Amino acid sequence: MFSSSTVSTLLRQYAISWSIIPVRSKNYLNRPRLRNPVWFVKKTRTLHNEQFTEDNTAFLNEVKRETILSAAQRSQSNLLKLAHGEQNGQLAQWAPGLKRTGVIAKKIGQYPLWTKDGQKIRTTLLQIVDNEVVKYIPPEEYRPAQEPRQSRNWRKPYGCLLVGAEHGDPSLFTKEYAGLFHESGVLPKKHLCRFIVSPEAQLPSGTALTVSHFRVGDFVDVRGLTVDRGFQGVVKRHGFKGMPKSHGVTKTHRRPGNIGAGGNKARVWPGTRLPGHMGNRWRVLRGLRILRINPQYNVMWVMGSNIAGNTNGIVYIYDTILPLRRHGAKGVPAGPPPFPTALEPLPADSGDIWLEDLHDFRNLSITYSAGSE
């Protein structure tokens, strides 16, 4: 029999291994898992009425606030250590082919922007909320060493960076879930995600990830979970026209009609558009350009209005994999990106940073001279 400490350690490892990992090429991973495995660590616990007085509740809230402030100071100290290491030449320099970490963001709405020639652009606002590095798993531990013929990246193996977002109340989580953050010294987070990174892009635990991780003009991939519509028919799910509403049509106005499965086939061919579950699938939009950045609230304006997810839903942002829009390609801002992340975040009082082609509303668009009629 295993001891209680051994069992808790195994549960934590399983929890990290089953945390969300954004895979952009395998379609079978886009389908939602109906039920978690039996060893999956439970996240929230059952709440009981503790019958605290108002003074006790105020004291606990003050302790939580001080804990959050101290955690923010620790994250800033980690960035200072990284900056000091860069000055001493201890950090690796960015090179084409290296993979940086991504961030976890919240989709907060849509907003139009205009170019200087008057063209309207629809954008989506994404806010990076309290992103911190929880743990780094080296390649030999994350993906055990295999034979060269069996491993796809045996020449340049990738590690794993566990990132958490949005501070949570520690009293609401279970002991096993809160134990994931015990060694790193990070407050328990509401959301966890794994990002595959190069060993040169590893970050120490507690490092803060802000909107300064990206630059205006960069292209990113955004992955989100589509809105769950439930079981829908072919008209709403696939956009079918339907049958006429008159001329003898009876009870077939919104039906799919003949699917052409008779004759020698005598079966439903794979891929036939039929009624079924709509939504609740992982979708990725690639090559979206960052048009505007607000350092004060960690908000970025990303081109496009069809990013998957509900309002206030969680999405995952990372550098694009498109060859013509990745770092170093033509049209992308010159110079290396912040690697492994922005060591000196943009000051909060610096104001918004706009793309050069956009019209900044702080500037005048029409001016009149004193002698003009």
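Small disclaimer: the values here were computed from a predicted structure and weren't measured. For reference, positions follow the sequence shown, starting with 1.
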Is any side-chain heavy atom of Leu60 closer than 4.5 Å to one of Phe52? yes
Indicate the atoms forming the closest heavy-atom contact of Ala308 with Thr226, along with that distance. CB-CG2, 3.7 Å
Any side-chain heavy-atom pair of Leu161 and Val133 under 4.5 Å: yes
Per-pair distances, 0.1 Å, donor-acceptor, side chain in residues 233-240, under 3.5 Å, sequence neighbours excluded:
residue : atom : partner : partner atom : Å
Arg237  : NH1  : Leu274  : O            : 2.7
Arg237  : NH2  : His277  : O            : 3.3
His238  : NE2  : Leu274  : O            : 3.3

Of the non-hydrogen atoms in Gly351 and Pro295, which two are nearest, and what is the gap between them? O-CD, 3.4 Å
Note: Leu203 and Pro340 closest approach over all heavy atoms is CD2-CG, 3.4 Å
Give the C-alpha distance, both sets of side-chain angles, the deciding distance and a yes or no for side-chain contact (heavy atoms from CB on, under 4.5 Å) between Phe214 and Arg100. CA-CA 11 Å; Phe214 301 100; Arg100 300 191 306 160; 3.9 Å; yes
Nearest-0.5 Å distance that lies between atom CG in Leu162 and atom OG1 in Thr101: 10.0 Å
Between the side chains of Thr320 and Asp221, is a donor N or O closer than 3.5 angstrom to an acceptor N or O? yes
Residue pair Met278 / Phe231, side-chain heavy-atom distance below 4.5 Å: no
hydrophobic_cluster_shared for Val299 and Val302, side chain cutoff 4.5 Å: yes
Provide the closest heavy-atom pair for Ser198 versus Gly97 in the form atom of the first, atom of the second, distance. OG-O, 4.3 Å
Would Val134 and Val163 count as a side-chain contact (heavy atoms from CB on, under 4.5 Å) here? Give the steps. CA-CA 5 Å; Val134 178; Val163 179; over 6 Å; no
From Ile307 atom CD1 to Leu288 atom CG, the distance as rounded to the nearest 0.5 Å: 5.5 Å
Parallel, tilted or perpendicular: which fits the ring planes of Trp94 and His327, with parallel below 30° and perpendicular above 60°? perpendicular
Verify, without hydrogens or angle tests, whether Thr174 (side chain) and Lys42 (backbone) share a donor-acceptor contact under 3.5 angstrom. yes
Please determine whether the number of non-hydrogen atoms from other residues, nucleotides or ligands lying under 6.0 Å from atom NZ of Lys245 exceeds 12. yes
Any heavy-atom pair between the side chains of Trp301 and Leu113 that's under 4.5 Å? yes
With side chains defined as the heavy atoms from C-beta onward, is the minimum distance between Val211 and Asn294 less than 4.5 Å? no
Criterion side-chain contact (heavy atoms from CB on, under 4.5 Å) on Asn310 and Lys107, from CA distance to verdict: CA-CA 7 Å; Asn310 291 301; Lys107 178 182 175 182; over 6 Å; no
Verify, without hydrogens or angle tests, whether Asn131 (side chain) and Val129 (backbone) share a donor-acceptor contact under 3.5 angstrom. yes
If you count heavy atoms of other groups shown closer than 6.0 angstrom to CD of Glu62, is the number above 12? yes
Rounded at 0.5 Å granularity, tell me how far CD1 in Ile104 sits from CZ in Phe195. 5.0 Å
Can you name the closest pair of heavy atoms from Leu358 and Lys116 and give their distance? O-CE, 3.4 Å
So how far is it from Leu126 CG to Ile317 CD1, rounded to the nearest 0.5 Å? 4.5 Å
Looking at Phe173, does the NZ or CZ of Lys43 lie under 6.0 angstrom from its six-membered ring centre and within 45 degrees of the ring axis? no
Is a side-chain donor or acceptor of Gln232 paired with a backbone partner of Arg229 at a separation under 3.5 angstrom? yes
Transitive ILVMFWY side-chain link Ile353 to Tyr297, under 4.5 Å: yes
Short side-chain donor-acceptor distance under 3.5 Å, Thr115 and Asp117: yes
Indicate every side-chain donor-acceptor pair of residues 248-256 with a distance under 3.5 Å to a residue at least two apart or in another chain.
residue : atom : partner : partner atom : Å
His253  : ND1  : Pro244  : O            : 3.1
Arg255  : NE   : Lys251  : O            : 3.2

Any donor-acceptor N/O pair, Ser212 side chain to Leu346 backbone, under 3.5 Å: yes
Taking atom CG of Asp319 and atom CG of Leu98, what is their separation to the nearest 0.5 Å? 11.0 Å
Is there a side-chain contact (heavy atoms from CB on, under 4.5 Å) between Arg45 and Lys175? Walk through the geometry before answering. CA-CA 9 Å; Arg45 67 179 185 88; Lys175 183 179 180 180; over 6 Å; no
Are any side-chain N or O atoms of Arg223 and backbone N or O atoms of Tyr316, one a donor and one an acceptor, separated by less than 3.5 Å? no
When you check the gap from the basic side-chain N to the acidic O, do Lys189 and Glu166 get nearer than 4.0 Å? no
Parallel under 30°, tilted from 30 to 60°, perpendicular over 60°: which one fits the rings of His359 and Phe361? perpendicular
What is the distance from atom OG of Ser305 to atom CD1 of Ile121, rounded to the nearest 0.5 Å? 12.0 Å
Are Ile293 and Phe219 grouped together when hydrophobic residues (ILVMFWY) are joined by side-chain heavy atoms under 4.5 angstrom apart? no
Would you say Val284 ends up clustered with Leu322 if hydrophobic residues are merged whenever their side chains have heavy atoms under 4.5 Å apart, either directly or through other cluster members? no
Are Arg362 and Trp354 side-chain neighbours, meaning at least one heavy-atom pair lies under 4.5 Å? yes
Quick one: are Ile259 and Val268 in side-chain contact, heavy atoms under 4.5 Å? yes
Is there a chain of hydrophobic side chains (I, L, V, M, F, W, Y, each step under 4.5 Å between heavy atoms) that links Ile321 to Leu324? no
Considering non-hydrogen atoms only, spot the tightest contact between Gly164 and Leu192 and give its length. CA-CD2, 3.9 Å
I'd like to know if the side chain of Glu141 reaches the main chain of Pro138, judged simply by a donor and an acceptor atom lying under 3.5 Å from each other, with no hydrogens or angles considered. no
Any non-hydrogen side-chain atom of Thr124 less than 4.5 Å from a side-chain atom of Val222? no
